[in-house]
Amino acid sequence: MALSPRDPLVVGRVVGDVVDPFTRLISLKVTYGQRQVSNGMDLRSSHILNKPTVEIGGDDLRNFYTLVMVDPDVPSPSNPHLREYLHWLVTDIPATTGTAFGNELVCYENPRPPSGIHRIVMILFRQLGRQTVYAPEWRQRFNTREFAANYNLGLPVAAVFFNCQKENGCGGRRT
């Protein structure tokens with residue numbers, strides 16, 4: 001089912017800024033400690049120090065997936081000229097399992113936004129086969145669309161995002 005105009009991924013401009021419109025084809029469950037991530041929720045840096053538990057759906061262990069975690073609001077939401085920053089990359093995740101069963105190509109680096117409220121986005125792609133995706137040379141100025149195109153990943157099959165700000169941030173509107 002295609003994303004509706006009211007879907008949080010559309011309203012939050014994840015679709016557009018990070019990925020093109022896509023159809024959700026598989027479940028993606030992301031949990032930090034006891035907190036399950038839902039689109040648009042607020043998490044402070046202290047809540048996301050350690051990598052989350054990520055579980056994916058599907059029904060065929062022969063299908064493999066890549067999880068990309070990026071911050072598209074670098075260095076600030078009002079001037080994201082360094083978009084995107086790659087926080088985590090896990091490949092070869094078998095369907096029905098999670099990132100613990102995949103290949104961590106870029107280790108988890110917890111988001112620490114310097115200013116403003118940043119969107120932290122996790123995007124799931126279906127791979128063409130095992131060991132067909134490789135690590136980028138750097139985390140800075142990562143481009144999810146180009147990465148997907150380079151490895152023939154097509155459109156995402158699932159995505160989730162949360163808002164993050166530094167510990168003493170005062171909230172307020174995204175600018």
* To do: Please name all residues satisfying side-chain hydrogen bond (donor to acceptor under 3.5 Å, both in side chains) with N39, sequence neighbours left out, ordered by chain then number.
  => none

* Asked: Closest heavy-atom contact between I56 and A95?
  -> CD1-CA, 4.1 Å

* To do: For the residue pair V70 and W88, establish whether any side-chain heavy-atom pair is separated by less than 4.5 Å.
  => no

* Asked: Can you pull the ring pair (Phe, Tyr, Trp, His ring centres under 6.0 Å) pairs that have at least one residue in residues 25-57, sequence neighbours excluded?
  -> Y32-F162

* Structure fact -> Contacts satisfying salt bridge (charged side-chain N to carboxylate O under 4.0 Å, His left out) that involve residues 85-106 (not counting sequence neighbours) are K51-E104

* For R62, side-chain hydrogen bond (donor to acceptor under 3.5 Å, both in side chains) partners two or more places apart -> D60

* Going hydrophobic residue to hydrophobic residue with side-chain gaps under 4.5 angstrom, can you get from V54 over to I120? -> yes

* **For V18 against P72, the heavy-atom pair lying closest together** => CG2-CB, 3.6 Å

* To do: Would you give the length of the straight line joining atom OG1 of T132 to atom CG of L153, rounded to the nearest 0.5 angstrom?
  => 7.0 Å

* Structure fact -> With sequence neighbours left out, the residues meeting ring pair (Phe, Tyr, Trp, His ring centres under 6.0 Å) with F147 are F142, Y151

* Asked: Do R139 and E109 sit within salt-bridge range, that is, some charged N less than 4.0 Å from a carboxylate O?
  -> yes

* To do: Dump the intermediate steps for salt bridge (charged side-chain N to carboxylate O under 4.0 Å, His left out) on D71 and R83, then the final yes or no.
  => CA-CA 7 Å; D71 178 347; R83 172 177 293 166; over 6 Å; no

* Structure fact -> Heavy-atom closest pair (I48 atom, Y108 atom, distance to 0.1 Å) is O-OH, 2.7 Å

* Of all heavy-atom pairs between A135 and L105, which one has the smallest distance, and what is that distance? -> N-CD1, 3.5 Å

* Identify whether L82 and L86 are in the same connected component of the hydrophobic contact network (ILVMFWY, side-chain heavy atoms under 4.5 Å). => no

* To do: Could you verify whether a donor N or O on one side chain and an acceptor N or O on the other, from R112 and N110, lie under 3.5 Å apart?
  => yes

* Can you hop from L25 to L28 via hydrophobic side chains spaced under 4.5 Å? -> yes

* Could you verify whether a donor N or O on one side chain and an acceptor N or O on the other, from N163 and R119, lie under 3.5 Å apart? => no

* Structure fact -> Residues passing the side-chain hydrogen bond (donor to acceptor under 3.5 Å, both in side chains) test with E55, sequence neighbours excluded, are none

* Structure fact -> Residues A148 and F125: closest non-hydrogen pair is CB-CE2, 3.7 Å

* Asked: When clusters are formed by joining ILVMFWY residues with side-chain heavy atoms under 4.5 Å apart, either directly or through shared neighbours, do F64 and L89 land in the same one?
  -> no

* Asked: Can V11 be reached from M41 by stepping across I, L, V, M, F, W or Y side chains whose heavy atoms are under 4.5 Å apart?
  -> no

* Would you say T31's side chain and G33's backbone share a donor-acceptor pair under 3.5 angstrom? -> no

* In terms of side-chain heavy atoms, does T66 have a donor or acceptor partner in Q127 at a distance below 3.5 Å? -> yes

* Kindly indicate whether the side chain of H118, heavy atoms from C-beta on, has any atom under 4.5 Å from the side chain of P77. => yes

